[in-house]
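Notes for the one structure printed next.
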There are 2 protein chains.
Amino acid sequence: MSQTTTLKKISEALGISISTVSRALKHHPDISIKTRKKVIELAEALEYEPDINAVQLRKGNRQLLGLLAPAANNLFYESFISAVEDSARKAGYAVMILQSDNNLEQETNCLKLFRQNRVSGVLACITPTTTDFAPFRKLEEQNIPVVFYDKVPDDLAYHKVCLADAKAATLAADVILKAGSRHVLAIFGDTHLSITQKRLDAFRESLENGNQQTKLVIKHATNTQEAYALTLNYLKRKTDQADTLFCMSDEILAGSMKAVQESGLRYPKDIRIIGISNGFIPSIFSPEITYVETSGRALGELAVDHIINCIHQAQVPLSLTTDVRLVKGGSI
Amino acid sequence: MSQTTTLKKISEALGISISTVSRALKHHPDISIKTRKKVIELAEALEYEPDINAVQLRKGNRQLLGLLAPAANNLFYESFISAVEDSARKAGYAVMILQSDNNLEQETNCLKLFRQNRVSGVLACITPTTTDFAPFRKLEEQNIPVVFYDKVPDDLAYHKVCLADAKAATLAADVILKAGSRHVLAIFGDTHLSITQKRLDAFRESLENGNQQTKLVIKHATNTQEAYALTLNYLKRKTDQADTLFCMSDEILAGSMKAVQESGLRYPKDIRIIGISNGFIPSIFSPEITYVETSGRALGELAVDHIINCIHQAQVPLSLTTDVRLVKGGSI
DNA sequence: ATTGTTTTCTCAATCGTTTGCGGTTAATAT
DNA sequence: ATATTAACCGCAAACGATTGAGAAAACAAT
């Protein structure tokens with residue numbers, strides 16, 4: 001096996017006890033400077049690294065965060081994950097990432113794995129079909145706090161960090177109104193998700209309150225392909241064509257943009273476009289798409305902050321949101 | 001603290017010894033069926049989960065893989081990471097992901113963290129500036145095998161899994177030749193990376209061997225913005241315009257496509273386009289871009305397979321490659 | 001020389017699990 | 001009744017690190 005250095009080896013080499021070595025390494029005042037120096041030097045020479053298994057068996061908790069993502073290969077989650085990993089490492093935590101694949105059964109399995117691994121806390125994102133929160137509550141009962149992110153339960157009893165969904169939608173609606181749109185095709189995501197509801201409600205309300213005679217057509221797509229098909233279909237109309245296209249997310253924007261290209265319409269001339277996005281998709285089109293930024297990175301940082309607070313000391317359930325801002329492109 | 005169930009609690013509740021409980025849970029033949037049943041039932045009722053810290057402290061090794069990525073928020077790595085997580089979990093391993101941010105110092109730090117966490121093996125991707133492989137060798141010396149992926153050292157002494165870079169480039173060149181191109185603008189990545197060299201060499205050779213009078217213009221871009229600027233600049237030429245555009249990677253393709261849109265050229269009419277890609281970017285344009293697929297998923301699976309082999313029993317350094325295939329779109 | 005006080009270090013228990021070895025029953029054979 | 005042999009089960013040590021409590025040394029004070 002690997003001949004890793006342990007406290008014992010150092011202590012034997014130096015002819016002192018294990019506890020002295022341990023304390024010397026942590027600058028415990030009980031240990032004389034002379035011994036401490038000897039110990040630290042040898043430890044460095046031998047590249048001693050404490051065995052996390054042992055440390056955390058003793059300490060009872062492991063500096064580990066569980067991150068449950070719907071899928072890692074997704075435009076939004078990638079930046080979220082990246083941010084979580086960053087912030088967590090800076091706080092001294094490692095991250096264990098598991099994917100639910102939007103599958104209920106696997107979600108439960110993942111939670112079990114988290115428990116087995118004695119994570120200190122869990123960041124979770126529910127699947128569209130999650131209705132039973134018992135597995136999550138079970139974690140809480142075992143003192144493993146859970147913070148939901150992005151796709152969160154409605155229930156106020158849970159910790160949540162969200163993008164400012166309503167605000168983002170309102171911001172987009174404002175831009176649309178200001179542009180003088182009369183006929184808006186708005187594509188939203190899966191109806192069951194609260195993120196969809198929040199964005200939809202705010203969007204619709206803002207548009208209706210704009211007291212302009214704006215026709216609003218709302219469609220729902222659960223993935224990129226559907227958004228593509230749906231948008232293309234609508235854009236094919238010969239008369240009463242939409243003058244503005246709104247996409248609630250990157251997944252949808254990607255599909256809709258493909259449809260726009262195929263339709264032969266030019267933007268912003270023939271149709272105005274605006275979306276809510278993480279930023280990448282809008283930037284690869286020319287002109288760039290105007291969007292309301294919902295940063296996965298910001299959300300990741302917020303989530304880690306919050307879960308660490310919860311770990312340190314139980315918090316009352318809180319619902320936090322990140323800021324959003326309008327990024328102007330040339331599409332509206 | 002959390003009142004997690006332990007062997008001890010079960011044993012006390014049942015009035016039997018800890019060892020019996022432990023053995024019963026693993027169907028050890030020494031334990032009578034009756035006791036075993038009692039134990040298992042109580043364990044399930046109490047939702048017993050062995051403490052990984054303790055188990056792996058005892059066993060000496062942890063079922064943990066270290067994954068060092070340049071950055072998690074990248075089109076290719078996201079699918080790679082997702083695949084690694086999947087395969088690893090299926091093999092009973094958890095994955096610890098760390099990001100080097102293409103930064104040498106942080107690379108070393110990450111490796112240290114991996115060692116601290118006693119990972120069983122490491123999947124690594126070197127930064128463009130990595131020249132000193134001592135930290136990696138140190139891991140190997142401690143019996144922690146390292147498999148490099150995608151961006152790998154030239155040295156034959158290391159384990160590597162790569163995309164079939166040369167083959168992918170050749171495949172693309174063949175398509176270009178068959179299309180009868182006379183003037184190809186080809187954009188490649190960072191000159192220092194061996195992945196660039198491999199693709200470039202194969203591409204150039206195939207094109208030159210095609211004994212057609214094909215003009216080949218090669219440019220290098222290190223990121224999406226550069227690719228955009230470079231492509232746009234070239235496409236603005238009034239005369240002697242390229243009839244074909246080749247992009248070596250998704251990062252580049254994204255930038256170049258933006259330039260194509262901006263130039264007002266239509267494809268495949270005005271210019272043919274082909275790239276090497278993971279598949280997402282080509283699919284969001286219409287017509288879809290023809291590309292040679294280099295699957296991050298496939299590479300991830302290969303990498304996990306290989307590292308697990310290495311963990312089970314030391315292997316001679318091996319260089320493996322994934323398959324590639326042509327995915328036909330409408331851009332050429 | 002005796003006692004008191006620091007300084008410096010060691011002992012031993014502990015976290016939860018695994019496992020070699022030895023011990024106790026009960027069943028079977030002599 | 002005694003020896004043999006399974007069938008069950010428990011003891012205790014180990015993995016590596018931490019830590020309270022106490023021991024030993026060093027030094028000063030009486």
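Chain identifiers are assigned alphabetically (A, B, ...) following the order of the sequence lines, protein sequences preceding nucleic acid strands; residue numbering begins at 1 within each chain.
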| request: Stems involving DNA chain C: give each as a range paired with a range, ordered by first number, where a stem means at least three consecutive Watson-Crick or G-U wobble pairs under 3.5 Å. | output: C:1-30 with D:1-30

| Can you pull the contact range of chain A along DNA chain D, 5' to 3', using atoms under 4.0 angstrom from its heavy atoms? | dG16(D) to dA21(D)

For residues 308-319 of chain A, which side-chain donor-acceptor pairs fall under 3.5 Å, sequence neighbours excluded?
unit_1    : atom_1 : unit_2    : atom_2 : d
Gln315(A) : NE2    : Gln313(A) : O      : 3.0

Quick one: side chains of residues 34-44 of chain B, donor-acceptor pairs under 3.5 Å with protein atoms, not counting sequence neighbours, listed by atom name and distance.
unit_1   : atom_1 : unit_2   : atom_2 : d
Thr35(B) : OG1    : Ser32(B) : OG     : 2.3

| field | Contact pattern, 5' to 3', of nucleotides 8-18 of chain C - B, S or - by protein heavy atom under 4.0 Å | value | BBBBB-BBBBB

| message | With salt bridge (charged side-chain N to carboxylate O under 4.0 Å, His left out) as the rule and sequence neighbours excluded, what pairs involving residues 85-96 of chain B come up? | response | Glu85(B)-Arg89(B), Asp86(B)-Arg89(B), Asp86(B)-Arg297(B)

| Does anything in residues 83-106 of chain A pair up under ring pair (Phe, Tyr, Trp, His ring centres under 6.0 Å), and if so which pairs, sequence neighbours excluded? | none

| said: Show every salt bridge (charged side-chain N to carboxylate O under 4.0 Å, His left out) that has at least one partner inside residues 154-163 of chain A, sequence neighbours left out. | reply: none

| Can you name the residues that form a ring pair (Phe, Tyr, Trp, His ring centres under 6.0 Å) with Tyr158(A), not counting sequence neighbours? | Phe133(A), Phe148(A)

Pair up each side-chain donor or acceptor in residues 17-26 of chain A with any protein partner under 3.5 Å, not counting sequence neighbours, and list the distances.
unit_1   : atom_1 : unit_2   : atom_2 : d
Ser17(A) : OG     : Ser19(A) : N      : 3.4
Ser17(A) : OG     : Ser19(A) : OG     : 3.3
Ser17(A) : OG     : Thr20(A) : N      : 3.2
Ser17(A) : OG     : Thr20(A) : OG1    : 3.0

| SB check Glu47(A) Lys112(B) (cutoff 4.0 Å) | no

List the atom pairs, with distances to 0.1 Å, where a side-chain N or O of residues 115-131 of chain A and a protein N or O form a donor-acceptor pair under 3.5 Å, not counting sequence neighbours.
unit_1    : atom_1 : unit_2    : atom_2 : d
Gln116(A) : NE2    : Glu49(B)  : OE1    : 3.2
Asn117(A) : ND2    : Leu113(A) : O      : 3.0
Arg118(A) : NH1    : Arg115(A) : O      : 3.0
Arg118(A) : NH2    : Glu49(B)  : O      : 2.9
Ser120(A) : OG     : Arg62(A)  : O      : 2.2
Thr127(A) : OG1    : Thr129(A) : N      : 3.2
Thr127(A) : OG1    : Thr129(A) : OG1    : 3.2
Thr127(A) : OG1    : Thr130(A) : N      : 3.2
Thr127(A) : OG1    : Thr130(A) : OG1    : 2.7
Thr130(A) : OG1    : Glu107(A) : OE1    : 3.2
Thr130(A) : OG1    : Glu107(A) : OE2    : 3.1
Thr130(A) : OG1    : Thr127(A) : N      : 3.1
Thr130(A) : OG1    : Thr127(A) : O      : 3.3

| said: Filter on ring pair (Phe, Tyr, Trp, His ring centres under 6.0 Å), then keep only pairs touching residues 20-51 of chain A, sequence neighbours left out; what's left? | reply: none

